[in-house]
Amino acid sequence: MTKRRIAFQGEFGSNSHEVCVMHFPDYEPAPFPSFEDAFDAIATRDCALGAIPVENSSAGRVTDTHHLMPSSGLKIVGERFKPIHFQLMVNPGVKLEDVKTVASMPIALGQCRRFLRRLKVTEEAAGDTAGAARQLSEHPDPTRGAIAPALAAEIYGLEIVARDIEDEHNNTTRFLVMTGDRNPPPPAFTAPCITAFVFRVKNIPAALYKALGGFATNGVNMTKLESYMENGAFTATVFYVEVDGRPEDRGLALAFEELSFFSERLEILGVFPADPFRS
């Protein structure tokens with residue numbers, strides 16, 4: 001029986017690949033070079049699911065994901081939090097003191113800055129952490145190393161010479177689990193849930209204040225509020241929001257009713273169980 005596929009952006013051995021292996025062992029991980037390609041694969045049902053990074057505790061939101069979500073037509077059906085650990089890997093037999101140049105994607109280099117300064121090496125930007133590991137495997141060099149997740153060393157036959165070298169050991173990335181199914185089954189009623197939605201306020205004074213007031217007065221906890229400029233227009237701002245609860249909960253239903261008076265667009269992107277990692 002052919003496994004269903006789960007899409008991720010990047011190469012085999014990346015953090016996104018690790019999330020797929022760890023949390024979705026019954027699915028075949030499918031790599032895509034860009035977020036657009038991964039979203040398209042999910043939307044066309046080429047992949048049943050996607051594991052897409054949305055924000056990092058150190059680096060902030062993943063801009064590409066946030067801009068693609070509102071118009072993607074995809075639904076959010078879950079979330080996963082992944083502690084991020086980076087390893088310095090080399091070709092077999094190379095020692096740490098031999099390494100003069102280290103390659104990885106810029107965000108990974110930045111998150112390992114203190115370690116790299118102590119090592120006194122030259123940093124080299126790569127498009128992907130796992131891609132840097134693959135390049136080192138394909139072009140062995142005793143003076144070079146790569147920073148990538150541990151899975152990359154296993155896949156590309158490299159040796160780890162320094163483990164967990166990230167500056168902040170509570171570094172965590174949040175992933176959204178997405179589907180092309182426009183009407184996915186609702187989560188179990190026993191699970192604490194999150195509702196994600198987008199809305200665009202009317203271009204009138206105090207519209208945002210009035211639109212959000214209903215969440216406060218109805219006791220709805222808002223955990224995320226992000227803004228987007230739509231189509232380059234300064235007067236057309238779209239907001240991405242996450243709140244605790246389900247749309248049918250009385251407080252949230254009343255908040256949505258009040259929101260509708262002051263918004264031109266309201267679309268629920270997903271109702272999904274909160275990852276236990278939150279608590």
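Position 1 is the first residue of the sequence, and the numbers go up from there. Computed from a predicted structure; not experimentally measured.
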Flag, side chain of T217 to backbone of G213, donor-acceptor distance under 3.5 Å: yes
Do P184 and T179 make a side-chain contact, defined as non-hydrogen atoms from C-beta onward lying under 4.5 Å apart? yes
Restricting to pairs with a member in residues 118-128, which pass side chain to side chain donor-acceptor pair (under 3.5 Å), not counting sequence neighbours? E124-R144
Given the rule that I, L, V, M, F, W and Y join up when any side-chain heavy atoms are under 4.5 Å apart, are I76 and L49 in one cluster? no
Can a salt bridge be assigned to the pair K3 and D26 using a cut-off of 4.0 Å between side-chain N and carboxylate O? no
Taking side-chain contact (heavy atoms from CB on, under 4.5 Å) as the criterion, tell me which of I268, V220, N218 meets it with F256. I268
Mind checking the NE2-OH spacing from H67 to Y240? Nearest 0.5 Å is all I need. 13.5 Å
Could you walk me through whether E18 and K82 pass the salt bridge (charged side-chain N to carboxylate O under 4.0 Å, His left out) check? CA-CA 9 Å; E18 282 194 337; K82 182 184 187 300; 2.8 Å; yes
Path from V54 to V198 over hydrophobic side-chain contacts below 4.5 Å: yes
Nearest heavy-atom contact between R182 and G73 is NH1-O, 2.5 Å
Answer yes or no: is there a donor N or O on one side and an acceptor on the other, between the side chain of S263 and the main chain of L266, under 3.5 Å? no
With sequence neighbours excluded, what pairs up with R163 under the salt bridge (Lys or Arg N to Asp or Glu O under 4.0 Å) test? none
Does the side chain of M89 reach to within under 4.5 Å of the side chain of E159, using non-hydrogen atoms? no
If you link ILVMFWY side chains whenever their heavy atoms are less than 4.5 Å apart, which other residues fall into the same cluster as F277? By chain and number, please. F81
Each residue besides L116 in its hydrophobic cluster should be listed here, by chain and number; the cluster joins Ile, Leu, Val, Met, Phe, Trp and Tyr at side-chain heavy-atom distances under 4.5 Å. I84, F86, L88, V90, V94, L96, V99, V102, L109, F115, L119, V121, I147, V161, I165
Run through L252, V241, N221 and flag the one making a side-chain contact (heavy atoms from CB on, under 4.5 Å) with F215. L252
Inter-residue atom distance D40.CG - F32.CZ, 0.5 Å rounding: 9.0 Å
So with a 6.0 Å cut-off around CG of N183, is the heavy-atom count from everything else above 12? no
Can you see which heavy atom on F24 is nearest to which on R80, and at what distance? CZ-NH2, 4.0 Å
What about L158 and M105, same hydrophobic cluster or not, with Ile/Leu/Val/Met/Phe/Trp/Tyr joined at side-chain heavy-atom distances under 4.5 Å? no
What residues, two or more places apart in sequence or in another chain, satisfy salt bridge (Lys or Arg N to Asp or Glu O under 4.0 Å) together with R45? none
Within the structure provided, determine whether P187 and R246 are in side-chain contact (heavy-atom separation under 4.5 Å). yes
Rounded to the nearest 0.5 angstrom, the CZ-CZ distance for F197 and F239 is 11.0 Å
Sequence-distant partners of R174, side-chain hydrogen bond (donor to acceptor under 3.5 Å, both in side chains), two or more places apart: E55, E79, E242
So, N171 versus Q111: side-chain donor-acceptor pair below 3.5 Å or not? yes
Of all residues at least two apart in sequence or in a different chain, which pass the side-chain hydrogen bond (donor to acceptor under 3.5 Å, both in side chains) check with R134? E11, E138
Please find the pair of heavy atoms, one from D167 and one from R114, that lie closest to each other, and give the distance. O-NH2, 3.0 Å
So which residues get pulled into V19's cluster when ILVMFWY side chains under 4.5 Å apart are joined, directly or through others? F175
Once salt bridge (Lys or Arg N to Asp or Glu O under 4.0 Å) is applied, do any residues pair with K210, and if so which ones, sequence neighbours excluded? none
From I6 CD1 over to C20 SG, what is the distance, rounded to the nearest 0.5 angstrom? 4.0 Å
Are P53 and F35 packed together at the side-chain level, in the sense that at least one heavy-atom pair is separated by less than 4.5 angstrom? yes
Can you tell me how far apart CD (Q87) and CD (E154) are? Round to the nearest 0.5 Å. 12.0 Å
Distance from I194 atom CD1 to F272 atom CZ, nearest 0.5 Å? 4.5 Å
Heavy-atom side-chain contact between P247 and V271 under 4.5 Å: yes
Exercise: do D141 and N91 side chains pair donor with acceptor under 3.5 Å: no
Min side-chain heavy-atom separation D244-T223 under 4.5 Å: yes
Grab the two heavy atoms, one from P31 and one from G10, that are nearest each other, plus how far apart they are. CB-O, 3.3 Å
Where the side chain of T65 meets the backbone of T63, is there a donor-acceptor pair that is under 3.5 Å apart? no
Sequence neighbours excluded, which residues qualify as salt bridge (Lys or Arg N to Asp or Glu O under 4.0 Å) partners of D181? none
Listed partners of H139 passing side-chain hydrogen bond (donor to acceptor under 3.5 Å, both in side chains), at least two apart: none
Please report the shortest heavy-atom distance between A130 and S14, naming the atom on each side. CB-N, 3.5 Å
Apply side-chain hydrogen bond (donor to acceptor under 3.5 Å, both in side chains) to E166 and list each qualifying residue two or more places apart in sequence or on a separate chain. H85, H169
According to a hydrophobic-cluster definition based on side-chain heavy atoms being under 4.5 Å apart (Ile, Leu, Val, Met, Phe, Trp, Tyr only), do L136 and Y156 belong together? yes
May I ask you to check whether over 12 heavy atoms, not counting those of R278, lie within 6.0 Å of atom CZ? yes
In terms of heavy-atom contacts, A132 and S104 come closest through CB-CA, 4.0 Å
Give me the ring orientation class for H17 and F12: parallel if the planes are under 30° apart, tilted from 30 to 60°, perpendicular past 60°. perpendicular
Any chain of hydrophobic side-chain contacts (each under 4.5 Å) joining L74 to I52? yes
